[in-house]
Amino acid sequence: MTLDKEILTEFVEIVGKENIDDGEVMTNAYAYNWCMDLFNHMESKPAIPFSPIPKAVVLPSSTEEVAQIVKICNKYGIKFKAQSTGLGPWNQPSTENSIIIDLRRMNKIVKIDEKNLYAVVEPYVSGAQLQAEIMKYGLNCHMPGAGPQVSPLASATSMNGPGFTSPSTGHSARNVLGVEWVLPDGEIMRLGSRGLKNNRNWYNGDGPGPSLRGIMRGWAGAKSGIGVFTRVAVKLFPYPCSTKFKLKGCSPNYDFDIPDFMRVYVIDCGTFKYCEKAMLRVEEEEISFMCSHLSGFAVMAIFATSIEDLMDKMAIGSMKVPLVVIIAARTTREFEYKQKVMSMILDEMQLTNIIGSLYTPNPIFYAEALRSNLGLHGFIATGGFQSTKGVCDTAAICLRSEQKNIPLKKKYIKTGAIANDFGEGHWMTSYESGHYFHVEAPTMFDQTEQSSVEGMADYMEASNQMDLLKHLGAPFFVEGDKMHETFGPHMMNYHKWLRKIKQAFDPNDIADSGFYISRKEK
Amino acid sequence: MDMYNFHPYSGGGKIILALLLEMGRINPSDELRDIVYKCTECGACAISCKFLNTLEPLEIIMKLREKLVDAGCGPMPKQQEYIDSVKNKNNPYNEPHEKRLDWLPEGIKLDPNAKVLYYVGCTSSYRREEMAIASVRIMNEAQVPFTILGDDEFCCGSPVLRTGDTKTFQEFLNKNLDMIESKGIETVVFSCAGCYDTFKVDYPLYRKYNFRVLHVVEFFDELLESGQLKLINEVPLTVTYHDPCHLGRNAEPYEEWEGDVVDLMPLVSINMPPKPKKTGAKGIYDAPREILKKIPGLKLIEMERIREYSYCCGAGAGVKSAFPEFALNTAKTRVQEAEDTGAKILTSACPFCSTNLQDAIKDRGSKLKFYDINELLLMALGLETKSLKKKMAEVA
């Protein structure tokens, strides 16, 4: 399906002919995305990595251009799907009556307010780019688990947003301040202090009047189903340790001087119950930069930079219930204090840090931890991975979710559809010093094998069903009508309220809701 | 990617295009050709893909072009003119083959029995003669016996290979290797980074040979180290150096790997022994910098993006001929980076970079001056340089 010439001309008038393309090759290329095959299979469609083909791809350069594009979509009844750094099927249209608004020309760091600890970014600024700039001020940002290559704006407004540094940098939903938002009808809305008549600044996400942060993104974001976010302020944090470190060598063999005041602990807690106790204890002391429980296999993966390298680490892979803690500090005194507290906890609980005795990580690990690059290690073994679970709850519920999932995972490992991580491949992190927790089950599969793709999708479906039946909370991929209508009735009918939001904000049903919720119940 | 923004212009986007083509979701077309050929094959995407994974987008881009040529859909018309010229006249510039030696100044000592061959290349022979002239003068100054092939030298095949015509490329590869091997040459020296990369990295993929290949920056640095070249003149210039892709990241040869792919468990296999990754780190980065550092009075200031992360000049893989505006805009970005260092001189070691960067300097009205690294070396050796630059030139 191509655009009518008349409509194309109207888009061209907004962005110029060099910034819109409705060619067959271009639109087909934009139909691809990582893991689209899984979600197609779960929707009973052929397990191919392509979504419906958009009618055209438009590259706006400003909020005003986005608003004009959206208004034209409303005028002609064409849906839009916005994407920024574009990782994953959530960026894909669900209908061929859709255009893609690719926001990659909106790539500016608008403002760094080092005194009030926030930065204002456009959609195509990556976490890595933002981090590199704010480091100059001794600051850091929250980076989602997807890695430093993705958009902080997308995570803050439209996705879930846990990350490896969540104990110290929180959750994307909690880090968003002022927002500039093009609503599905093309009106420009400014949230928080950005909406004030006087002092239109970005420092506050709430008000004037009632806060709309919950409506804007809720827990998991609307994935462009409620409009387009064009600028956002995100909280910044003091950089966890010294920023004066040296990185030498070249990819992939970097040599990194471990910065002053940084130390990693890897502890085998032995049982899930004891892991819960240890995690709560560490987090209670508010000393961790990173505090994650991973499986033995996953600990091997975060320390490895290749599959061959991974297999060298079987000694740490045999740990039963590992806990990985990184402490970081800005002064000798702070560092000594945190180390003393960790020693006290380990003594109290009769636990041992294997780092330095059983295993010594390559210094690049510390750089990757600071960069929040560890999630990408999930690709090492088979070239493809995806997660299930994603509940946000207490440590006990998260660990229960993990324990319940192990037999299910083993069942699919036996079929050969997913790679063998002994069923234990999970990642659990605390948020904000243990106030709540997140767990997910990263699972490796082979994107080039049809049987593996289909098997992985079947496993994801089964995992979702288990979450529902065993009351383990909603997975973070609770998105689209099917999932919302499955989970909603078991979770205070939240889906009905979500639908009301959609109806109120998108009167003409123009924002593509394939990964949100549609206006009408199906 | 910087110039066209849409995702298919990136390395990752090209991999998607290859998948679409393989799955039959798209067919060869003018639209596909236009996207695939708007790429300088600079290899920066391939370097970025080496951390944690083993993707080879540059190889996929080259295969895509090969497929388009095989389907009768590539290369771009202007590039086809160059290929036709290579086939008919042994050079892409439609110049008479018998004039290949016209650049050679009087008084240069050649030794037909020498074991060192200076392979001039088409661009240095016909368009950037100053690079060839400087090279032979320096070799004479060092009293290195060397020879050149003259009429027996043919296009190395780089412009043909990079635009996807691998069959014609192999013809020229064989012609050149047959000729060089017949003369018992032990070392071949290049002033053209494109020829050097093609001989060093691409030729062995098709046919192995037993001679050593060196770019002049490597060769001359060896001569400086051994004392055969002595730098006597102060060159009080502030200089920044641009790493050519063909001499830098793309000049890292493939390492031979003989091993097994061992299945560890379903879906997981490893290479035993580990397979070396081509990361670009083993390109030629130190030799040109060593030369510049040895020049008395010269101050080297680095740009932000250098070595394997260097930004491309924009001229490679047929872009300068087929998409001159793209090439020029890319070069202007690089010239701006050079200006930002505060240097007065921009230097490099490739005739394509030389032409394109000089075009950008002119177009931007930049105050920078461009010298080939050999010209700076000539100055330091106290040799005459004024007659070197004759004209601004086109490159293939």
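Please read these numbers as outputs of a predicted model, since none were measured by experiment.
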Heavy-atom distances under 4.5 Å only: say whether [X] touches chain B with side chain, backbone, both or neither.
X: A:I20; result: backbone
X: A:E368; result: side chain
X: A:E24; result: both
X: A:T382; result: both

All N/O donor-acceptor pairs, side-chain side in residues 258-278 of chain B, below 3.5 Å, sequence neighbours left out:
unit_1: B:K277; atom_1: NZ; unit_2: B:K50; atom_2: O; d: 2.9
unit_1: B:K277; atom_1: NZ; unit_2: B:N53; atom_2: O; d: 3.4
unit_1: B:K278; atom_1: NZ; unit_2: B:E252; atom_2: O; d: 3.3

dist A:R104:CZ -> B:F6:CZ (nearest 0.5 Å) comes out at 9.5 Å
Across all chains, not counting sequence neighbours, the salt bridge (Lys or Arg N to Asp or Glu O under 4.0 Å) partners of A:K411 are none
Does NZ in B:K63 sit with more than 12 non-hydrogen atoms of other residues, nucleotides or ligands closer than 6.0 Å?
no
List the atom pairs, donor and acceptor, that lie under 3.5 Å between side-chain atoms in residues 14-28 of chain B and the rest of the protein, sequence neighbours left out.
unit_1: B:K14; atom_1: NZ; unit_2: B:P8; atom_2: O; d: 3.4
unit_1: B:K14; atom_1: NZ; unit_2: B:Y9; atom_2: O; d: 3.1
unit_1: B:E22; atom_1: OE2; unit_2: B:K67; atom_2: NZ; d: 2.8

Note: vs chain B, highest number of non-hydrogen pairs under 4.5 angstrom among A:D102, A:T448, A:D21 is A:D21
Highest number of heavy-atom pairs under 4.5 Å with chain B among A:D446, A:D309, A:N19, A:T305 belongs to A:T305
Applying a strict 4.5 Å limit to non-hydrogen atoms, the region of B:M1 in contact with chain A is side chain
Between B:E31 and A:V25, the two heavy atoms sitting closest are OE1-N, 2.9 Å
Under a 4.5 Å heavy-atom criterion, the part of residues 415-422 of chain A in contact with chain B comprises A:G416, A:A417, A:I418, A:A419, A:N420
